[in-house]
Number of protein chains: 2
Amino acid sequence: MTKTPAYHHGNLRQALIEAGAQLIEIKGVSGISLREVAKQTGVSHTAPYRHFKDKNALLAGITEVGFAQLAGSLQQVMIENPNAPKDQLIEAGVAYISRAIQNKQMHNLMFGGAWKLSNDEELIKQTSDAAFNGLVQIVKNGQQAGVFKKGDARVLALTAWSLVHGYAMLASTSQLSHLAASEDSILELARTAEVHLIEGLEK
Amino acid sequence: MTKTPAYHHGNLRQALIEAGAQLIEIKGVSGISLREVAKQTGVSHTAPYRHFKDKNALLAGITEVGFAQLAGSLQQVMIENPNAPKDQLIEAGVAYISRAIQNKQMHNLMFGGAWKLSNDEELIKQTSDAAFNGLVQIVKNGQQAGVFKKGDARVLALTAWSLVHGYAMLASTSQLSHLAASEDSILELARTAEVHLIEGLEK
DNA sequence: ACCTGAACACCGTTCAAGT
DNA sequence: ACCTGAACACCGTTCAAGT
């Protein structure tokens, strides 16, 4: 016999987040309920309140794993394209867009504004800021290498970030069907769009 | 005495849409309920079903007025900047972003993916397509005037549209607070970003 | 035709109670 | 500490019934 067999198998908080992430990909962000996440996890519908202040906090918890995964993808792009600011910028964008269309619901949860960031979710703000600062660093490196034009690196980074952000949104809500259908052609088109922008950023 | 005093004062459909639009700006997209819209309008909570198939259809109806207003704004920009493709492109973007930050909730309803476009809402698709085609036309004019580089005008238009779309999203979800706070500085920054892009589109 | 009230199966959240 | 069941005030939607 083990010691106190624990009311639930180990870490309920983690289990709820995982069940929520799965459920969201099936039923969509607006189709998810605290009660169903609890049921899927095998606990009563009030158990989640031991680990999350309210439904919003659970959504924030799910979002956190999404941001962590995104940060990992971007990190990898940086490593795979050393000392190549232009490639880094383009491939970071492509990686971001690729993630968005492969995890539409998670992306919508992360950026769709369905839940509100409270002061508790400092972690998400940090991750998001870190991602942006990474982008700024790419631009600065490019400026020093003489491939990007001078100017406030944060503004150039914001411009690139906006383009990718908007494109990902259009792609993940299927608004590009006239111009590109398959995932490959969507990413191909994204590269073209980024090249157009980069020609504006070049010196 | 008037004739049959009508169960409701005139056009209930219109009244529900207006009440919904008001309510959404107060309580947010996720905070709105069919029942409360009905109560605000002074009818029972089942009356809306005479005019809308379900809650989603009401949201679509509210969205429609938002798209009509947006189309009007863009139309005006075109008229105010005749024969100036570059200005048209920049000011159309600024107008779009300005609308987004002044009507955050409506913008979120229009583009946040909280409701799903069914086949019934052909009108919205049309308006959205018309807006994009207007953008394509600006680019084509610019290409013929020799201010924009050659290439698929739809792709150049999509690039500009993505930038504006993404920037508007960042602005309306208050993610630009580090770079710009007031509405004026947000729009100023938007102009700068658009100029960066346009330098990439110029020949 | 247009609207209502009761009813159903859900919600999120709170709270006293159990181990 | 961790979880439960009952309860409350909401939802969206359906349906028989009223004028």
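Protein chains get the first letters and strands the later ones, always in sequence-line order, with residue 1 at the start of each.
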Using Watson-Crick or G-U wobble geometry with both distances below 3.5 Å, tell me the partner of dA1(D), or none. dT19(C)
Both distances below 3.5 Å, Watson-Crick or wobble geometry, any strand: find the nucleotide opposite dA6(C). dT14(D)
Within this structure, what is the [atom1]-to-[atom2] distance between [X] and [N], rounded to whole angstrom?
{"X": "Ile32(A)", "N": "dG12(C)", "atom1": "CD1", "atom2": "P", "value": "9 Å"}
{"X": "Leu34(B)", "N": "dT4(C)", "atom1": "CG", "atom2": "P", "value": "13 Å"}
{"X": "Lys39(B)", "N": "dC3(C)", "atom1": "NZ", "atom2": "C1'", "value": "18 Å"}
{"X": "Phe52(A)", "N": "dT14(C)", "atom1": "CZ", "atom2": "C1'", "value": "19 Å"}
{"X": "Leu12(A)", "N": "dA1(D)", "atom1": "CG", "atom2": "C1'", "value": "13 Å"}
{"X": "Arg35(B)", "N": "dG5(C)", "atom1": "CZ", "atom2": "P", "value": "12 Å"}
{"X": "Lys55(A)", "N": "dT14(C)", "atom1": "NZ", "atom2": "C1'", "value": "17 Å"}

When you get a sec, tell me which of [options] is the closest nucleotide to the side chain of [X]?
{"X": "Thr46(B)", "options": "dA7(C), dT14(D), dG12(C)", "value": "dT14(D)"}
{"X": "Arg50(B)", "options": "dG12(C), dC3(C), dC11(D)", "value": "dC3(C)"}
{"X": "Tyr49(A)", "options": "dT14(C), dT4(C), dT14(D)", "value": "dT14(C)"}
{"X": "Ser44(A)", "options": "dC11(D), dG5(D), dT13(C)", "value": "dG5(D)"}

Quickly, which of Val65(A), Leu70(A), Thr63(A), Val29(A) forms a side-chain contact (heavy atoms from CB on, under 4.5 Å) with Met106(A)? Name it, please.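 Option passing the side-chain contact (heavy atoms from CB on, under 4.5 Å) with Met106(A): Val65(A).
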For His45(A) and His51(A), take the nucleotide of DNA chain D holding the closest heavy atom to each; which residue's nucleotide lies nearer the 5' end?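 Closest to the 5' end, via its nearest nucleotide, is His51(A).
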Of the non-hydrogen atoms in Gly66(B) and Arg99(B), which two are nearest, and what is the gap between them? O-NH2, 3.6 Å
Say whether Gln137(A) and Asn141(A), considering side chains only, have a donor N or O and an acceptor N or O under 3.5 Å apart. yes
If the threshold is 4.0 Å, N to carboxylate O, is there a salt bridge linking Lys104(B) and Glu25(B)? no
Run the salt-bridge test on Glu91(B) and Arg191(B) with the 4.0 Å N-O cut-off and return the result as yes or no.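 Result for this pair is yes, salt bridge flagged.
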